[in-house]
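Take a look at the structure set out below.
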Amino acid sequence: MTDVSKEQVLERLRTVRGPDMDGNIVDLGLVSDVLISDGKAYFSITVPAERARELDPMRAAAERVVKEIPGIKAAMVALTADKRAASGPAAARAPTPPGRGDAHSHAGHAHAASGQPQQRAKSGIPGVGTIIAVASGKGGVGKSTTSVNLALALKANGLRVGILDADIYGPSMPRLLKISGRPQQLEGRTIKPMENYGIKVMSMGFLVDEEVAMIWRGPMIQSALMQMLREVAWGDLDVLVVDMPPGTGDAQLTMAQQVPLAGAVIVSTPQDLALIDARKGLNMFNKVEVPVLGLVENMSYFIAPDTGNRYDIFGHGGARKEAERIGVPFLGEVPLTMDIRETSDAGTPVVVSNPEGAAAKTYRAIATRVWQELQAIEGKGARGAPSIVFE
């Protein structure tokens, strides 16, 4: 296959006229950084928020000309709507180029003058009943392992379940669910999700090689996340579990503000340092009015297999106390066990490999509590509705 450079892609994109047929999208500064990986090109085009639908043919033209380049197998192109780009009559011609300067300044989330999210309804995902996020304030607390076992536990409890791996920089689901290969493209831009153990899965790990380092800025992350969510044939699901990236940065805010989340599960280990970061995640969801379904204390304790003695390696009960302090449900304690670690590494999560074991029963109990919280919230009609400015 012929290696294609970023410059070749940009040169071809100069043939695509800008909004109102004025200039071309590259010289107008509308095109983000271009990433080329495994014969696929990824980039976004910044347009005024209110013209996103009108300018979709421009996006389609950009996708078409790039796919015509020898050596390019596919193109993932999205419109990133920058609210500030629509402030004047010339906004469509010269918005601030994404990917240049501070990535957070082009995050694609709209804020009112006060800095608070504007309230507008978020569009749902066809066929998907409920979307929940599994998040943590920091990495290394077992969030992805919790996400996959929670999803499988919801499935074991009789629900139709999918999981979206939203961790662009460190996708884990291909390994955790023992799935390899590339998703199949259906009609138009729709992608068929991968599947194993009865749950549907989408992850950036299916689209790029495991060794590829993702160095995308804000607009590129938003584009990829929204396409993996909205351009995937999820079918009929009772619940879609979103494995969020760790932390409270650009990708997390994109998902929290632009996805119709019914609620969030926060994962933490017991020690004070992890709980400090967990509070950041809680505050983020509170600010965008996404209900917190509860806290999970992961790696809560360790039972020595040879003696049966219990060790609180990271302390114990910190997440329960935090949940009580802030008034959110405590969902349960997951022990630190060799079984969970080994089955996760092998791609056979404990809920499916040892469904009658203690760890699997713990996850199923957590899944039951999560579902009960969701039903209670839906009964009250309490859903946050931050604004959408990304198409």
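Computed over heavy atoms, backbone and side chain alike; hydrogens, waters and symmetry mates excluded. What you see is a predicted model, and the numbers here were worked out from it, not measured in a lab.
No side-chain heavy atom of Ser300 sits less than 4.5 Å from a side-chain heavy atom of Leu336. Side chains of Leu164 and Val241 form no contact here, defined as non-hydrogen atoms less than 4.5 Å apart. Inter-residue side-chain proximity for Leu240 and Ile125 is flagged as unmet; no heavy-atom pair is nearer than 4.5 Å. Using a 4.5 Å heavy-atom threshold, the side chains of Ile377 and Leu293 count as touching. Pro329 is not listed as a side-chain neighbour of Arg369, based on a closest heavy-atom distance of 4.5 Å or more. With a 4.5 Å cut-off on side-chain heavy atoms, Val334 and Val296 count as touching.
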(request) Assess whether side chain to side chain contact (heavy atoms under 4.5 Å, CB included) is satisfied between Val65 and Leu13, documenting all intermediate values. (result) CA-CA 7 Å; Val65 299; Leu13 288 173; 4.1 Å; yes
(message) Using side chain to side chain contact (heavy atoms under 4.5 Å, CB included), reason through Ser268 and Val141 one step at a time and then give a plain yes or no.
(response) CA-CA 6 Å; Ser268 179; Val141 299; 5.5 Å; no
(message) With side-chain hydrogen bond (donor to acceptor under 3.5 Å, both in side chains) as the criterion, how do Asn298 and Thr269 come out once you've worked through the C-alpha distance, each side chain's angles and the decisive distance to 0.1 Å?
(response) CA-CA 5 Å; Asn298 197 33; Thr269 48; over 6 Å; no
(request) Please assess Phe206 against Val201 for the test side chain to side chain contact (heavy atoms under 4.5 Å, CB included), listing each intermediate value before the final yes or no. (result) CA-CA 10 Å; Phe206 300 138; Val201 191; 4.0 Å; yes
(request) Begin from the C-alpha positions of Val242 and Ile132 and carry the test side chain to side chain contact (heavy atoms under 4.5 Å, CB included) through to its verdict. (result) CA-CA 6 Å; Val242 179; Ile132 62 174; over 6 Å; no
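Arg310 is linked by a side chain to side chain donor-acceptor pair (under 3.5 Å) to Asp312, His316, counting only residues two or more places apart in sequence or in another chain. Among residues two or more places apart in sequence or in another chain, the side-chain contact (heavy atoms from CB on, under 4.5 Å) test is passed with Ala264 by Ala133, Phe285, Val290. Not counting sequence neighbours, the partners of Lys200 by the side-chain contact (heavy atoms from CB on, under 4.5 Å) test are Pro193, Glu195, Trp234, Leu237. Residues that satisfy the side chain to side chain donor-acceptor pair (under 3.5 Å) test with Ser203, not counting sequence neighbours, are Asp165. Applying the side chain to side chain donor-acceptor pair (under 3.5 Å) criterion to Asn24, with sequence neighbours excluded, gives Asp27. Residues that satisfy the salt bridge (charged side-chain N to carboxylate O under 4.0 Å, His left out) test with Arg364, not counting sequence neighbours, are absent from this structure. For Glu63, the side-chain contact (heavy atoms from CB on, under 4.5 Å) criterion is met by Arg59, Lys67, Ala75, Val77, Arg189, not counting sequence neighbours. Scored by the side chain to side chain donor-acceptor pair (under 3.5 Å) test, Arg160 finds Asp238 as partners (sequence neighbours excluded). Checked against side-chain contact (heavy atoms from CB on, under 4.5 Å), Val328 has the following partners two or more places apart in sequence or in another chain: Val292, Leu295, Ala323, Ile326. Applying the salt bridge (charged side-chain N to carboxylate O under 4.0 Å, His left out) rule to Glu11 yields the partners Arg14; only residues at least two apart in sequence or on another chain are considered.
Remark: the backbone N or O of Gly317 is paired with a side-chain donor or acceptor of Glu297 at under 3.5 angstrom. Counting only distance, with no hydrogens or angles, the side chain of Arg17 and the backbone of Gly23 share a donor-acceptor pair below 3.5 Å. At least one donor-acceptor pair closer than 3.5 Å links the side chain of Ser147 to the backbone N or O of Lys143. Checking side-chain atoms of Asn149 against main-chain N and O of Thr145 turns up a donor-acceptor pair under 3.5 Å. Gln8 places a side-chain N or O within donor-acceptor distance of the main-chain N or O of Ser5, the cut-off being under 3.5 Å.
Pairing each heavy atom of Ser353 with each of Thr343, the nearest pair is OG-CG2, 3.3 Å.
With salt bridges taken as basic N to acidic carboxylate O contacts below 4.0 Å, one links Glu322 and Arg325.
Transitive grouping of hydrophobic side chains (ILVMFWY, heavy atoms separated by less than 4.5 Å) keeps Tyr301 and Met299 in distinct clusters.
Rounding to the nearest 0.5 Å gives a distance of 8.0 Å between CD1 of Ile163 and CG of Leu150.
Grouping Ile, Leu, Val, Met, Phe, Trp and Tyr by side-chain contacts under 4.5 Å, direct or through others, leaves Met338 on its own.
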